[in-house]
Every structure is written in C-alpha cells, then in structure tokens.
Amino acid sequence: MRLDRSFYERTDVMGIARDLLGKVVHTRIDGAHVSGLITETEAYAGVDDRASHAFAGRRTERNASMYARGGTAYVYICYGIHHLFNIVTHSVGVPHAVLLRGVRILEGQAEADGRRGRPGARTDGPGTAAQALGIRRSHDGTDLLGRRIWVADEGLAIDPRSIAIGPRIGVDYAGPDAQLPYRFRIVRQ
DNA sequence: ATACCGATTAACT
DNA sequence: GTTAATCGGTATA
C-alpha cells in the first residue's frame with residue numbers, strides 16, 4: 001500500500017527515517033518500472049541541524065524543495081557528479097528531509113543494471129541507489145504521491161534488532177551535529 | 001572575478 | 001590507503 005501524505009507530514013524526521021527502512025521505493029522513469037527495498041536512510045533535521053542544507057534557514061535555488069510539503073522529492077547533485085535523492089517531510093516551510101542511502105533492487109533489475117553500467121553493481125550508497133532508480137536532478141520537486149516516484153509499505157516487517165543506528169556519513173563539517181545518531185540501516189536479514 | 005569545499009564513487013597504489 | 005571526476009554554494013575581493 002502506497003504511503004500517503006500523512007506519513008510524510010509527520011513532524012519526527014528521525015522516526016520517519018527509521019520507519020522508511022523495509023519500505024519499497026518505486027520509480028516509473030524513462031518507461032521502466034524499478035523498485036527497491038530501502039535499507040539505509042539518514043535524517044536531516046531542518047534549520048537547527050548544522051549538517052542540513054537548510055541550516056539556519058538557508059534557502060537557495062538548489063534546496064528550495066526542502067521547504068515544500070512532506071512527500072516531495074529533493075534531488076541535488078553532490079560533488080558535481082552524483083544525484084542524491086531525499087524525501088522531504090513535515091509541512092510547507094519546515095525543511096526536514098530523509099536521504100535515501102541504500103536500496104536492494106526488487107523489480108526492474110535489468111533496467112537498474114543498465115543504468116549502473118554493469119550487472120550486479122552495488123546500490124548501497126546514496127549516489128548508486130538514486131542512479132539505479134533513474135532519479136536525477138530533473139526529478140527535484142516531484143510529488144511522491146504522483147506516478148513517477150512513490151514509496152509503498154508492502155508488509156515487510158523489520159526486526160528492530162536488525163536496525164543499526166549511528167552517526168551520519170560525510171558530515172564532519174557539521175561539528176557536534178556530526179555525531180547525532182541520525183543514520184538508520186538494516187544490518188541483518 | 002577567483003578560490004575552496006562538499007549528505008560520493010570507482011579506480012587505482 | 002589515495003585520487004580524479006566535476007559543479008553549485010559560499011566566501012572573499
């Protein structure tokens with residue numbers, strides 16, 4: 001069952017990041033349907049989070065969609081190369097987001113392989129997951145309740161003991177906030 | 001205008 | 001372990 005607006009409009013971005021583990025992200029892009037089990041996420045907690053692009057209310061052309069309503073895609077280019085897919089949460093004007101950091105492809109493996117360039121290539125990083133799903137900067141601002149990108153609960157139960165929680169990756173610039181336990185991943189099963 | 005850095009990855013030594 | 005790839009944001013002039 002597809003996640004509805006009320007899931008994304010919740011105010012607890014860390015809880016959403018955790019609850020997205022085991023959900024299934026679907027894309028219908030360039031005529032192909034690809035889906036993947038979400039295995040890793042990170043929460044970015046808006047204006048108070050030094051690791052967030054929206055820290056202190058920063059608002060630029062790049063991060064404008066972080067300020068959209070929950071259930072919107074925020075896609076930006078990192079290191080000039082990688083397209084990183086985020087799920088915006090909370091309400092309009094509150095720039096919370098969850099970074100998709102890893103998936104296990106369930107449907108459309110051949111299409112994902114083609115996009116990644118070789119069969120069986122990894123999809124366990126934020127850049128590789130977005131690439132396999134076909135998500136790119138042009139999908140920034142896409143409504144996750146539309147027909148291009150959506151997330152579904154397909155009844156896969158995740159044992160809480162299989163979830164690891166720890167500091168986020170690559171945010172050393174964020175000072176003390178770099179140590180916050182905002183990274184969630186499935187480590188077993 | 002110039003300079004530096006980043007929510008990364010793959011291909012090296 | 002190191003490094004190249006490559007571009008928007010931010011700071012400085």
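Just so we're on the same page: letters track the sequence lines, and every chain starts at 1.
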What integer distance in Å separates [X]:[atom1] from [N]:[atom2]?
{"X": "A/Arg50", "N": "C/dG9", "atom1": "CZ", "atom2": "P", "answer": "21 Å"}
{"X": "A/Leu84", "N": "C/dT6", "atom1": "CG", "atom2": "P", "answer": "17 Å"}
{"X": "A/Gln131", "N": "B/dA10", "atom1": "CD", "atom2": "P", "answer": "8 Å"}
{"X": "A/Tyr76", "N": "C/dT10", "atom1": "OH", "atom2": "P", "answer": "13 Å"}
{"X": "A/His82", "N": "B/dA10", "atom1": "NE2", "atom2": "P", "answer": "7 Å"}
{"X": "A/Ile81", "N": "C/dA4", "atom1": "CD1", "atom2": "C1'", "answer": "8 Å"}
{"X": "A/Leu100", "N": "B/dT8", "atom1": "CG", "atom2": "C1'", "answer": "14 Å"}
{"X": "A/Asp172", "N": "B/dT8", "atom1": "CG", "atom2": "P", "answer": "10 Å"}

Exercise. Got a second to check how far A/Arg161's CZ is from A/Ile163's CD1, nearest 0.5 Å?
Worked result: 11.5 Å
Exercise. Is it true that A/Arg183 and A/Glu40 make a salt bridge, defined as a side-chain N closer than 4.0 Å to a carboxylate O?
Worked result: yes
Go through [options] for me and flag the one nearest to the [X] side chain.
{"X": "A/Arg118", "options": "B/dT8, C/dG9, B/dA11", "result": "B/dA11"}
{"X": "A/Arg62", "options": "B/dT8, C/dG8, B/dA10", "result": "C/dG8"}
{"X": "A/Arg116", "options": "C/dT10, C/dT6, B/dA10", "result": "B/dA10"}
{"X": "A/Thr128", "options": "B/dT8, B/dA10, C/dA5", "result": "B/dA10"}
{"X": "A/Thr60", "options": "B/dT8, C/dG9, C/dT6", "result": "C/dG9"}

Exercise. Is it the case that more than 12 heavy atoms not belonging to A/Arg122 sit under 6.0 Å from its CZ atom?
Worked result: no
Exercise. Is the count of non-hydrogen atoms from other residues, nucleotides or ligands lying under 6.0 Å from A/Arg50 atom CZ greater than 12?
Worked result: no
With a 4.0 Å cut-off on heavy atoms, is [X] in touch with a base, just the backbone sugar-phosphate, or nothing at all?
{"X": "A/Ile77", "value": "nothing"}
{"X": "A/Asn63", "value": "nothing"}
{"X": "A/Arg168", "value": "nothing"}

Seminar exercise, completed: The side-chain contact (heavy atoms from CB on, under 4.5 Å) partner of A/Ile87 among A/Leu20, A/Ile149, A/Thr72 is A/Leu20
Problem set entry | Residue among A/Val75, A/Leu100, A/Thr142, A/Leu84 satisfying side-chain contact (heavy atoms from CB on, under 4.5 Å) with A/Ile135 | A/Val75
Problem set entry | C1' atoms of C/dG8 and B/dA10, separation to the nearest Å | 23 Å
Seminar exercise, completed: Between A/Ala97 and A/Arg122, the residue closer to the 5' end of DNA chain B by nearest nucleotide is A/Ala97
For this session: Would you kindly compare A/Ala121 and A/Gly170 by the position of their nearest DNA chain B nucleotide and give the one closer to the 5′ end?
Result: A/Gly170
For this session: Find which nucleotide of DNA chain C each of A/Arg137 and A/Tyr79 is nearest to by heavy atoms, and output the residue with the more 5' nucleotide.
Result: A/Tyr79
Exercise. Under 4.0 Å between a side-chain N or O of A/Arg58 and OP1 or OP2 of C/dT10?
Worked result: yes
Exercise. Watson-Crick or G-U wobble partner for C/dT6, using a 3.5 Å limit on both distances?
Worked result: none
